[in-house]
**Student:** 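The structure that follows is given in the form of structure tokens.
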There are 2 protein chains.
Amino acid sequence: MSATIKDIAKLAGVSHTTVSRALNNSPLIQEETKERIRIIAEQLDYTPNYNAKSLVLDRSYNLGLFFTTLSNGTSAGFFYEAIRGVNSVIRDRYQLIVKGIDDYTSFHSITKKSFDGIIIVSQSDDDGPIIEHIANKGIPLVVLNRPVDTAGVLNVLSDEEQGAFHAGAYLVNQGHKKIALIEGRKGFKSAQNRKAGFERAMEHYGISIPAAFRMPGLYDLESGHQAMQQFLSLEERPTAVFCCNDEMALGAIKAVFEAGLQVPKDISVVGFDDTVFAAYVTPALTTVRRPIEQISKEGALRLLGNIENKLHTTEQVLLRTELIVRESVQLLQA
Amino acid sequence: MSATIKDIAKLAGVSHTTVSRALNNSPLIQEETKERIRIIAEQLDYTPNYNAKSLVLDRSYNLGLFFTTLSNGTSAGFFYEAIRGVNSVIRDRYQLIVKGIDDYTSFHSITKKSFDGIIIVSQSDDDGPIIEHIANKGIPLVVLNRPVDTAGVLNVLSDEEQGAFHAGAYLVNQGHKKIALIEGRKGFKSAQNRKAGFERAMEHYGISIPAAFRMPGLYDLESGHQAMQQFLSLEERPTAVFCCNDEMALGAIKAVFEAGLQVPKDISVVGFDDTVFAAYVTPALTTVRRPIEQISKEGALRLLGNIENKLHTTEQVLLRTELIVRESVQLLQA
DNA sequence: CACATCTATGCACACGTTAACAATAGTCTT
DNA sequence: AAGACTATTGTTAACGTGTGCATAGATGTG
């Protein structure tokens with residue numbers, strides 16, 4: 001149906017090789033010949049067949065963007081920002097293939113032929129195997145959002161431990177001493193890091209966390225809600241709660257209101273992620289902002305650098321988080 | 001580097017044709033031969049080169065998933081649910097290529113060779129040209145989320161007019177008579193439909209909407225916030241506000257609280273979309289649920305049907321919206 | 001047994017592109 | 001003017017796979 005370089009060649013009275021060279025702007029071809037060929041190509045509405053190109057050039061023009069899961073546990077905002085960030089970098093140059101790692105029954109089909117490079121937005125330790133598979137196949141790779149120690153892998157992430165530390169320190173500086181923690185989804189590295197940063201802050205300020213002040217969570221609204229209900233039922237309630245993400249913080253705030261109490265007057269809440277709606281909730285949520293879009297941009301940029309210069313750079317890049325102070329934390333009198 | 005059918009052929013002592021047939025489970029090949037070849041393929045960790053396959057079979061194994069824009073105006077939850085829905089249907093069979101239509105400088109590269117089918121999640125009338133381009137090229141296509149009249153195009157969407165009608169009717173049935181409207185982003189079909197449904201409800205119940213009770217919006221939190229501030233500054237305030245999406249509803253609620261008033265006691269608010277956080281905001285938001293994930297599933301399913309049976313079905317499928325009653329609407333005494 | 005039929009496999013080519021090498025004509029050098 | 005060099009184009013093969021047609025052997029049939 002669609003025109004090929006051979007069709008153009010016939011019309012131009014040259015060989016298809018000449019057409020190929022002309023359209024690739026080879027210096028071997030005379031300028032007027034090129035121009036003549038370009039015009040004919042235009043007229044025929046010629047589009048190169050990328051499958052044929054790929055076959056001979058051994059490039060797919062595909063970039064994989066893999067998430068730990070698409071089905072559950074990935075927050076919508078996170079997902080969106082990551083795709084946006086990557087997309088803004090690659091634009092026309094590559095096609096972006098989005099997949100959930102848990103959709104793969106076998107990594108068999110992930111080959112150097114089908115992906116020029118792969119970006120993994122990793123949220124779980126379980127991603128280890130696929131990372132190794134890709135690294136072994138020699139496919140250029142960057143892992144975002146989670147630290148990874150496989151050799152020869154680019155790694156871009158935010159310093160969440162640091163972010164959680166700041167959030168904890170902030171609570172202490174606002175006069176809080178009875179501070180509780182709602183943890184993130186088990187197995188997610190982010191859950192560990194945020195918890196670790198928070199604990200380091202508490203330790204740093206000499207504040208201990210009683211067992212009753214710790215609740216597990218699943219990163220969703222429901223679990224934040226339940227955890228806060230637990231805290232509220234305690235004899236001695238915390239004055240502040242650090243939630244390992246915003247969604248849980250929302251659930252927690254809801255529980256406070258349901259109990260007839262106020263945030264931040266009766267209890268302060270801090271989140272993590274600075275989700276789009278954090279600013280508009282009542283009260284506006286004090287939270288830690290991860291620069292996800294920036295991480296994805298940075299990651300995509302470095303990956304493309306590696307691909308196009310045939311390098312194998314392998315570094316770990318940590319990007320700063322930022323504490324966004326809003327209205328959900330009360331300043332306590334000493 | 002990686003093994004090809006020719007490598008397998010040598011080891012098996014057959015021609016590459018036989019290998020090709022065996023691996024495609026052709027009935028022409030003896031069962032034992034097939035088995036022998038399969039084992040060798042397994043040992044060599046053979047993966048078919050999809051570029052070569054595509055070239056000869058004239059199929060790309062690619063499905064395009066195009067959004068009106070990735071940069072702005074698309075809500076994260078919407079985006080996420082759409083990808084999830086489609087992804088759950090296609091699984092291994094196709095690669096999902098995600099793009100923003102506004103990233104295309106030219107549709108030239110969208111050809112039958114590079115996409116087996118395309119799903120457009122359309123949010124704007126501006127998507128007309130690309131829809132026509134794709135339809136002209138004869139690429140199987142389904143347009144989601146927005147009605148489209150181009151011939152030969154599958155179309156799956158929710159009946160938003162109906163949804164908005166119900167929301168409006170509900171407000172009236174709860175005793176409201178002074179009802180205001182915050183509109184959606186101009187140019188988005190959804191904005192028109194929601195407005196139309198709401199207006200039809202008002203008309204149906206013989207309620208008129210004064211000009212001061214209409215405010216434009218941009219589907220974002222900020223614009224909802226501003227619009228509600230306007231309403232609150234009126235001499236005669238509305239008792240209820242219908243917001244064309246949840247994000248604006250959140251902004252509106254925030255404005256109410258800032259003015260020292262309560263939702264729903266002093267003013268009722270209804271949203272549209274049932275975003276993930278709608279249930280956990282305070283007060284929990286009464287809203288209209290669009291079955292986006294279901295729309296995407298349904299759309300993907302029908303598209304695959306068309307592709308694989310070489311059909312050209314062209315229907316418009318309307319999926320029901322659902323009014324989710326929560327806490328943001330007050331029952332007024334007659 | 002001669003012929004037709006069926007089964008399993010191979011040969012050769014095609015898909016659309018790029019690239020190594022060959023060929024031709026023109027230009028320069030001495 | 002012969003040889004060397006340059007600029008431009010063509011010839012041919014290659015990438016990995018699938019398929020129409022030919023082929024060879026086995027089986028059936030009257």
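Lettering follows sequence order; numbering is per chain, from 1.
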**Student:** Rounded to the nearest angstrom, tell me the gap between atom CZ in A:Arg59 and atom P in C:dA19.
**Tutor:** 12 Å

**Student:** In residues 14-24 of chain B, which ones come under 4.0 Å of DNA chain C, going by heavy atoms?
**Tutor:** B:Val14, B:Ser15, B:His16, B:Thr17, B:Thr18, B:Arg21

**Student:** Rounded to whole Å, please give me the gap between CD1 in B:Ile29 and C1' in C:dC6.
**Tutor:** 15 Å

**Student:** Who are the salt bridge (Lys or Arg N to Asp or Glu O under 4.0 Å) partners of B:Glu293, not counting sequence neighbours?
**Tutor:** B:Arg84

**Student:** By the 4.0 Å heavy-atom rule, please label A:Tyr46 as base, sugar-phosphate, or nothing.
**Tutor:** sugar-phosphate

**Student:** With side-chain contact (heavy atoms from CB on, under 4.5 Å) as the test, would you mind laying out the steps for B:Ile118 and B:Val142 before giving the verdict?
**Tutor:** CA-CA 7 Å; B:Ile118 292 178; B:Val142 56; over 6 Å; no

**Student:** If we count only N and O atoms by modelled type, under 3.5 Å, do the side chains of A:Tyr104 and A:Ser109 hold a donor and an acceptor together?
**Tutor:** no

**Student:** How long is the line joining CG of A:Asn49 and P of D:dG16, in whole Å?
**Tutor:** 17 Å

**Student:** Rounded to whole angstroms, how far apart are CG on B:Asp58 and C1' on D:dT19?
**Tutor:** 14 Å

**Student:** Looking only at side-chain N and O atoms, does B:Gln30 come under 4.0 Å of OP1 or OP2 in C:dT9?
**Tutor:** yes

**Student:** Could you state the NZ-C1' distance from B:Lys6 to D:dG18, rounded to the nearest angstrom?
**Tutor:** 12 Å

**Student:** Can you label the angle between the B:Tyr50 ring and the B:Tyr61 ring as parallel, tilted or perpendicular, going by 30° and 60°?
**Tutor:** perpendicular

**Student:** When all nucleic acid strands are considered with a 4.0 Å heavy-atom cut-off, which category describes A:Leu57: base, sugar-phosphate, or nothing?
**Tutor:** sugar-phosphate

**Student:** Let me spell it out: for each of B:Pro27 and A:Asn51, pick the nucleotide of DNA chain C with the closest heavy atom. Which residue's pick is nearer the 5' end?
**Tutor:** B:Pro27

**Student:** Would you check if there is a donor-acceptor pair between the side chains of A:Ser122 and A:Arg146 at a distance under 3.5 Å?
**Tutor:** yes

**Student:** Which dot-bracket string fits DNA chain D when only Watson-Crick or G-U wobble pairs with both atom distances under 3.5 Å count, crossing pairs get [ ], and | stands for a partner on a different strand?
**Tutor:** ||||||||||||||||||||||||||||||

**Student:** Mind calculating the distance between CZ (B:Arg36) and C1' (C:dA8) to the nearest angstrom?
**Tutor:** 12 Å

**Student:** Hey, are B:Glu81 and B:Arg290 close enough for a salt bridge, meaning a charged N less than 4.0 Å from a carboxylate O?
**Tutor:** no

**Student:** To the nearest angstrom, how far is A:Leu28 atom CG from C:dC21 atom P?
**Tutor:** 14 Å

**Student:** Whether B:Glu315 and B:Arg302 form a salt bridge (side-chain N of Lys/Arg under 4.0 Å from carboxylate O of Asp/Glu) is what I want to check.
**Tutor:** yes

**Student:** Return the value, rounded to whole Å, for the distance between atom CD1 of B:Ile5 and atom C1' of C:dC11.
**Tutor:** 14 Å

**Student:** Select base, sugar-phosphate, or nothing to describe what B:Ser54 touches, counting heavy atoms under 4.0 Å on all strands.
**Tutor:** nothing

**Student:** Under 3.5 Å, is there a donor on one side chain and an acceptor on the other for B:Thr17 and B:Ser20?
**Tutor:** no

**Student:** Do A:Asp45 and B:Lys137 meet the salt-bridge criterion of a basic N to acidic O distance under 4.0 Å?
**Tutor:** yes

